Amino acid sequence: MTPILAFALATIPDVAGIRTLYGFAADIADSDVAEFALQRQRARSGEDGMPLHLQRIVAVSWTLRLGDEITCHSGGDADEAALLQALFAQVAQHAPCVTSWSGAAFALPLLRYRALINGITLPPHWFAEGTAQSGLAALPYATIPLDDMARLCGFPALPVVAGGNPWEAYRAGRLGEIQARCDIEAMATYLLFQRDRLVQGTLDAADYRDAVAQARGWVGQQAAPHWRDFLAAWPPTEG
């Protein structure tokens, strides 16, 4: 059985990068630097989302299935390079089928940019052309919110970062809240990936139910509050 790794990322404005590009003095507050870039982006596109090359990764989570075992790992740290290395090490070690919710539109190009900026070696999967060769299995739902699709498919809603803004949460020292959201996103992505395989006919109904039951069993063994809340909201008849 090919290992499966579903990952999720959380980002904030790359204040250091914005300073470099626009020459802000060191005494200008990070919040003012970020607000300048956000307003510039709103004027250009009408949206708050920063360009990919100006988003710094502050949390990474992945759900990894290896045979009959499933685990979820997470990391949140000021050291973006360490987060990238941890994720890439898992991919290099296990050569899994890698997926994320908006991989082709967001996560995969973002990882390429941030690896380039940090000088981090990409795992072999990222060098091949095409998903069949590279093991990168993009879910074709980038325009649909992950939370919406998870709920419509019978899975729990994702936790909401207070204020709905990871940048504000990060500035307030609530990195744990961002990590928890990332954990649940990775698990929800894994579950929807398995459901997508069922829809495509590459996974039969019995194996799909087994995969969901395995994930539920792992979640049920976790003591962290966000996992307890996730399990409590998980309908027992899903699938």
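As the structure is a prediction and not an experimental result, all values here were calculated from the model.
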Task: By side chain to side chain contact (heavy atoms under 4.5 Å, CB included) - contacts of Ala186 (at least two apart) - done: Ala8, Ser61, Thr63

TODO: Please collect all salt bridge (charged side-chain N to carboxylate O under 4.0 Å, His left out) contacts where either partner lies in residues 15-29, sequence neighbours excluded, each pair once.
DONE: Arg19-Asp30

- [ ] Please name all residues satisfying side-chain hydrogen bond (donor to acceptor under 3.5 Å, both in side chains) with Gln41, sequence neighbours left out, ordered by chain then number.
- [x] Ser45

- [ ] Determine which pairs satisfy salt bridge (charged side-chain N to carboxylate O under 4.0 Å, His left out) with at least one residue from residues 138-152, sequence neighbours left out, and list them in order.
- [x] Asp147-Arg151

Task: Check: Gln214 side chain, Asp68 main-chain N or O, donor-acceptor pair, under 3.5 Å - done: yes

TODO: Go through the structure and list residues passing salt bridge (charged side-chain N to carboxylate O under 4.0 Å, His left out) with Arg42, not counting sequence neighbours.
DONE: Glu35, Asp48

Open item on the list: List the residues meeting side chain to side chain contact (heavy atoms under 4.5 Å, CB included) with Ser31, not counting sequence neighbours, and say none if there are none.
Closed with: Ala29, Arg171

Open item on the list: Can you give me the closest heavy-atom contact between Ile178 and Ala59, atom names plus distance?
Closed with: CG2-CB, 4.1 Å

Open item on the list: Which residues pass the side-chain hydrogen bond (donor to acceptor under 3.5 Å, both in side chains) test with Thr189, not counting sequence neighbours?
Closed with: none

Task: Residue pairs fulfilling salt bridge (charged side-chain N to carboxylate O under 4.0 Å, His left out) with at least one residue in residues 220-231, sequence neighbours excluded - done: none

TODO: Using a strict cut-off of less than 4.0 Å between a Lys/Arg side-chain nitrogen and an Asp/Glu carboxylate oxygen, indicate whether Glu185 and Arg181 qualify as a salt bridge.
DONE: yes

- [ ] Enumerate the residue pairs fulfilling ring pair (Phe, Tyr, Trp, His ring centres under 6.0 Å) with a member in residues 40-71, sequence neighbours excluded, ordered by first and then second residue.
- [x] Trp62-His73

- [ ] Please list, chain by chain and in numerical order, all residues satisfying side-chain hydrogen bond (donor to acceptor under 3.5 Å, both in side chains) with Gln200, sequence neighbours excluded.
- [x] Asp196

Open item on the list: My understanding is that only residues two or more places apart in sequence, or in another chain, count here; which of them pass side chain to side chain contact (heavy atoms under 4.5 Å, CB included) with Thr143?
Closed with: none

Open item on the list: Please say yes or no: joined through hydrophobic side-chain contacts below 4.5 Å, possibly via intermediate residues, are Leu175 and Trp167 part of one cluster?
Closed with: yes

Task: Asp14: partners by side-chain hydrogen bond (donor to acceptor under 3.5 Å, both in side chains), with sequence neighbours left out - done: Arg114

